[in-house]
Amino acid sequence: MSTSERARLETATAGLSAPFAVVDLDAFRGNAADLVRRANGTPIRLASKSVRCRHLIRAALAHPGFAGIMAYTLPEALWLAGADGDEPLSDDILVAYPTTDTSAIARLAADPRAAASITLMVDHPAHLDLIARAAPDPVRPLRLCIDVDTSWQPLGPRLRIGAHRSPVRSPAQAARLARAITRRPGVELDGLMAYEAQIAGVGDLPPGNPAYGRFLRAVQRRSRRELAHRRAAIVRAVRAVADLRFVNGGGTGSLHTTSRERAVTEVAAGSGLYHPRLFDHYSAFTGRPAALFALPIVRRPARGAATALGGGYLASGTGDPDRLPQPYLPAGLSYSSTQGAGEVQTPLLGAAAEGLEIGDLVWLRHAKAGELCEHFPTLHLVEGDRVTAAVPTYRGEGRTFL
């Protein structure tokens, strides 16, 4: 963003008291269109964890090319499906992670509309046992999806490249779990998911390290080829046991390749709508930062230093420096190496700090997408140089699911 973009944002938000968060709707809509373009006609299931605002989830689902929601907990899915009395956002919600919330499973099993709208994730027979205990007599069979491990293991289990997720890795293992599901009363097999985190969630253009970038791209190419063959074989093996309504794969960083696989019927994405800082370093696409937060300068402790209120909104993950928010506007700000982003104050250093006065705003980007919404109850929607709406986040609606 340029100086003019900073001026535009500050004109739009002149009546707000910082700290606050904004979503630039022009960028949001442009990112949505680019995700659809890269999905090559394959429907995109919206990952709600990356948005965490019902108004913007609804806006994304209204965009042609998006269909269905990928929720992150069952209580969230029940809420989005309208089981709490609110207007349902979708009648096709996949819970992306296994649940052990027996009270939520019992609620699902007693609600015909929710049970017809929500699919639970499983990857082990123990999940089937837990569901059976929680819902021995559901109003209709509960829909289940098998989660498949997608990590690349070129030397076998000794070398894993990718996330630790499901124990189901081979066609035989997937078919065995599918048969276990078909033998159980009260459940039915609905879909299969295989999310390639080592491709979709890892940028292949690490800044300042072109050699490592070449290595990453080589690893991702080989992983992609291996997974395409294995995913197709797994789908064939499971379809020999029971029909599948959907096969889900991909993420923001891999839509353009996963969508080409014939075995995949839908892809998932969400982070690309906000385009947080961890998605800046991909060779296949360039998004526009849509979600930002503003902090006020409250101190000028020394020459070349300005201190903002708050700012310690760290992203989940390994705890590396790239999980810190990015000082974004004005350009040229950096953190103190001994303090970083603080719980109640954040010193910002650099030549740009000299131009900041007490009461000025600094703009930052969160490292990940939806986690920003856990810190703010409201998102102010900016169009041009105006705030056109203020909408609640999950937190603003009193909902914190994790």
Side-chain angles (χ1 to χ4, degrees), residues 21 23 25 28 32 43-63 66-122 127 130-145 186-188 190-191 245-246 248 268 270 273-274 369-381 388-402:
V23 170
L25 286 181
F28 182 90
I44 300 174
R45 186 180 290 275
L46 177 64
S48 64
K49 77 175 183 65
S50 300
V51 181
R52 301 194 202 198
C53 168
R54 287 199 301 165
H55 178 91
L56 291 175
I57 289 173
R58 188 179 293 110
L61 290 174
H63 196 290
F66 285 83
I69 295 173
M70 178 178 284
Y72 56 96
T73 72
L74 178 53
E76 180 212 13
L78 288 165
W79 182 50
L80 297 180
D84 293 347
D86 296 287
E87 179 188 356
L89 266 64
S90 175
D91 61 2
D92 184 3
I93 303 176
L94 170 64
V95 182
Y97 306 89
T99 183
T100 59
D101 188 333
T102 53
S103 62
I105 294 171
R107 286 184 59 206
L108 174 68
D111 186 325
R113 186 176 67 180
S117 301
I118 294 172
T119 302
L120 300 178
M121 190 66 64
V122 298
H127 293 137
L130 187 145
I131 291 168
R133 291 193 299 270
D137 188 24
V139 293
R140 55 151 290 154
L142 299 184
R143 306 193 306 186
L144 304 183
C145 175
V187 296
E188 62 185 15
D190 190 36
R245 183 172 64 92
F246 66 88
N248 180 281
L273 292 168
Y274 287 169
E371 291 179 20
L372 172 65
C373 294
E374 299 300 331
H375 299 282
F376 293 94
T378 303
L379 294 175
H380 300 276
L381 307 185
T388 57
V391 297
T393 61
Y394 282 12
R395 176 182 172 182
E397 297 198 63
R399 305 285 181 157
T400 52
F401 296 105
L402 283 177

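One-based numbering along the sequence shown.
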Do you know which two heavy atoms are closest between Leu46 and Gly270, and how far apart they sit? CD1-CA, 4.2 Å
Do Leu379 and His55 have side chains that approach each other closer than 4.5 Å (heavy atoms only, starting at C-beta)? no
List for me each residue that meets side chain to side chain donor-acceptor pair (under 3.5 Å) alongside Ser50, sequence neighbours excluded, and say none if there are none. Ser271
Ile105 and Leu130, any side-chain heavy atoms less than 4.5 Å apart: yes
Residue pairs passing the ring-ring contact (aromatic ring centres under 6.0 Å, His included) test where at least one lies in residues 80-120, sequence neighbours excluded: none
What distance separates Thr393 OG1 from Arg54 CZ, expressed to the nearest 0.5 Å? 11.5 Å
Just how far is it from atom OG of Ser90 to atom CD1 of Ile57, taken to the nearest 0.5 Å? 10.0 Å
Value rounded to 0.5 Å, distance of CG in Leu273 from CD1 in Ile44: 8.5 Å
ring-ring contact (aromatic ring centres under 6.0 Å, His included) against Tyr394, all qualifying residues, sequence neighbours excluded: Trp79, Phe401
Can you give each donor-acceptor pair under 3.5 Å made by side-chain atoms of residues 369-378, sequence neighbours left out, with the distance rounded to 0.1 Å?
from: Glu371; atom 1: OE1; to: Ser316; atom 2: N; distance (Å): 2.9
from: Glu371; atom 1: OE2; to: Ser316; atom 2: OG; distance (Å): 2.5
from: Glu374; atom 1: OE2; to: Arg52; atom 2: NH1; distance (Å): 2.8

Quick check: closest heavy atoms across Ile93 and Ala71, and the distance to 0.1 Å? CG2-CB, 3.8 Å
Can you find a heavy atom in the side chain of Phe246 that is under 4.5 Å from one in the side chain of Leu94? yes
Any side-chain heavy-atom pair from Asn248 and Met70 closer than 4.5 angstrom? yes
Kindly indicate whether the side chain of Arg58, heavy atoms from C-beta on, has any atom under 4.5 Å from the side chain of Val391. no
Considering only heavy atoms from C-beta outward, does the side chain of Arg133 approach that of Thr102 to under 4.5 Å? no
Keeping to residues at least two apart or across chains, list the salt bridge (charged side-chain N to carboxylate O under 4.0 Å, His left out) pairs with something in residues 96-108. Asp84-Arg107
Set of side chain to side chain donor-acceptor pair (under 3.5 Å) partners for Thr119, sequence neighbours left out: Arg143, Asp190
Of Leu120, Leu108, Thr99, which is the lone residue that meets side chain to side chain contact (heavy atoms under 4.5 Å, CB included) with Ile131? Leu120
Euclidean distance, Leu61 CG relative to Leu56 CG, rounded to 0.5 Å: 11.0 Å
Compare all side-chain heavy atoms of Leu78 with those of Val95 and state whether any distance is below 4.5 angstrom. no
Quick one: do Arg245 and Asp92 satisfy side chain to side chain contact (heavy atoms under 4.5 Å, CB included)? Show the steps, please. CA-CA 11 Å; Arg245 183 172 64 92; Asp92 184 3; 3.2 Å; yes
Under the side-chain contact (heavy atoms from CB on, under 4.5 Å) test, which residues partner His63, sequence neighbours left out? Ala32, Ala33, Val36, Phe66
For Thr388, check side chain to side chain donor-acceptor pair (under 3.5 Å) against everything at least two apart and list the hits. Glu383
Correct closest heavy-atom pair for Ile69 and Ser48 would be CG2-CB, 3.9 Å
Between SG of Cys53 and CD of Glu397, what distance do you get to the nearest 0.5 Å? 7.5 Å
Got a sec, which residues hit salt bridge (Lys or Arg N to Asp or Glu O under 4.0 Å) with Arg140, two or more places apart in sequence or on another chain? Glu188
Closest approach of His380 and Ala390, non-hydrogen atoms and distance? ND1-CB, 3.8 Å
